[in-house]
Amino acid sequence: MAKKKKKSGKNNKPKYVAPEVEVKKEEAPVVAEEPVQADLYDEELPETGIRGLLERKLTRKVSNRLIVAAIAAIMLLLGFESFKFAYRITNGSAVDPYPGKEINVYIHDSMSDSDVATMLYEKGLIVSKLDFVIQAKLKNYKPSKYAGSYTLNTSMNAENQLNELMTTVENKQ
């Protein structure tokens with residue numbers, strides 16, 4: 001076997017070793033620490049660890065519950081108002097109790113259903129113009145088709161008044 005020769009040159013120099021220096025450590029004075037209470041509402045403690053986690057979970061639960069309660073309340077309110085509106089449209093209510101008073105109205109052929117609703121509202125025959133217009137659209141009421149003079153009563157609801165207005169002049173005679 002052939003022996004390997006050591007290379008001579010730059011790599012054979014000894015490495016520099018720093019002299020050991022002795023460093024003196026100063027000791028901090030010992031202070032008696034007060035016991036820390038892990039109060040959930042203690043603002044001095046950092047929001048880390050278990051306390052912070054519990055606080056964030058509690059906050060998240062409360063805010064989620066408030067959001068769900070607010071949405072439920074809004075939906076309940078909208079449902080109730082929708083029911084009241086649908087009830088007014090289908091059943092309606094009269095302005096006066098029976099016997100009421102009779103009022104003569106004249107429907108021109110150039111009037112729209114909202115014009116008729118405004119006229120009836122101003123004469124005190126209907127409770128709501130919007131309710132009357134919606135009922136007129138549902139019944140396909142066209143004032144130009146049913147122009148003429150009519151006698152309506154304040155004890156009639158909007159549906160009965162529409163039925164009366166939808167009778168042609170020929171049927172009335």
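The residues of the chain are indexed from 1 along the displayed sequence.
A donor and an acceptor atom, one from each side chain of Thr118 and Asp115, are nowhere located under 3.5 Å apart. Donor-acceptor pairing under 3.5 Å is lacking for the side chains of Ser144 and Asp109. There is a side-chain donor-acceptor pair under 3.5 Å between Asn104 and Thr151.
Grouping the Ile, Leu, Val, Met, Phe, Trp and Tyr side chains by contacts below 4.5 angstrom, directly or via other members, places Ile126 with Leu162. Both Phe132 and Ile103 are members of a single hydrophobic cluster when ILVMFWY side chains are connected at heavy-atom separations under 4.5 Å. Note on Phe83 and Ile74: separate hydrophobic clusters, where clusters join Ile, Leu, Val, Met, Phe, Trp and Tyr whose side-chain heavy atoms are under 4.5 Å apart, directly or indirectly. Taken together through direct or relayed side-chain contacts under 4.5 Å among Ile, Leu, Val, Met, Phe, Trp and Tyr, Ile67 and Met75 form part of one hydrophobic cluster.
At a threshold of 4.5 Å between non-hydrogen side-chain atoms, the residues Leu152 and Glu102 do not count as touching. Under the 4.5 Å side-chain criterion, counting only non-hydrogen atoms from C-beta, Pro143 is in contact with Val116. The shortest distance between side-chain heavy atoms of Leu125 and Thr154 falls below 4.5 Å. Residues Gln161 and Asn153 are not in side-chain contact: their nearest non-hydrogen atoms beyond the backbone lie 4.5 Å or more apart. Looking only at side-chain heavy atoms (C-beta outward), Met119 and Met111 come within less than 4.5 Å of each other. Residues Leu165 and Tyr150 have side chains in contact (heavy-atom distance under 4.5 Å, counting atoms from C-beta outward). Looking at Leu138 and Ile89, their side chains come closer than 4.5 Å, going by heavy atoms from C-beta outward.
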Query - Full working for side chain to side chain contact (heavy atoms under 4.5 Å, CB included) between Tyr141 and Val133 - result: CA-CA 9 Å; Tyr141 172 69; Val133 169; over 6 Å; no

Query raised in the report: Are Ser93 and Val127 close enough, and set up right, to give a side chain to side chain contact (heavy atoms under 4.5 Å, CB included), and what steps lead you there?
Result: CA-CA 7 Å; Ser93 60; Val127 178; 3.9 Å; yes

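Nearest heavy atoms, Glu159 versus Gln135: N-OE1, 3.3 Å. Contact record, Asp113 with Ala136: CB-CB, 4.2 Å, taken as the closest heavy-atom pair. Nearest heavy-atom pair across Asn157 and Asn160 is OD1-N, 2.9 Å. Phe85 approaches Ile134 most closely through the heavy-atom pair CZ-CD1, 3.2 Å. When all heavy atoms of Pro99 and Ser155 are compared, the pair lying nearest together is O-OG, 3.4 Å.
Not counting sequence neighbours, Lys101 has no partner by the side-chain hydrogen bond (donor to acceptor under 3.5 Å, both in side chains) test.
By the neighbour-count criterion of 12 heavy atoms within 6.0 Å, atom OH of Tyr87 is sparsely surrounded, having that number or fewer from other residues, nucleotides or ligands.
Through side-chain heavy atoms spaced under 4.5 Å, either directly or across other Ile, Leu, Val, Met, Phe, Trp or Tyr residues, Leu76 is tied to no other residue.
Sorted by first and then second residue, the side-chain hydrogen bond (donor to acceptor under 3.5 Å, both in side chains) pairs with a member in residues 119-129 form an empty list; sequence neighbours excluded.
Atom CZ of Arg56 is separated from atom NZ of Lys61 by 14.5 Å, given to the nearest 0.5 angstrom.
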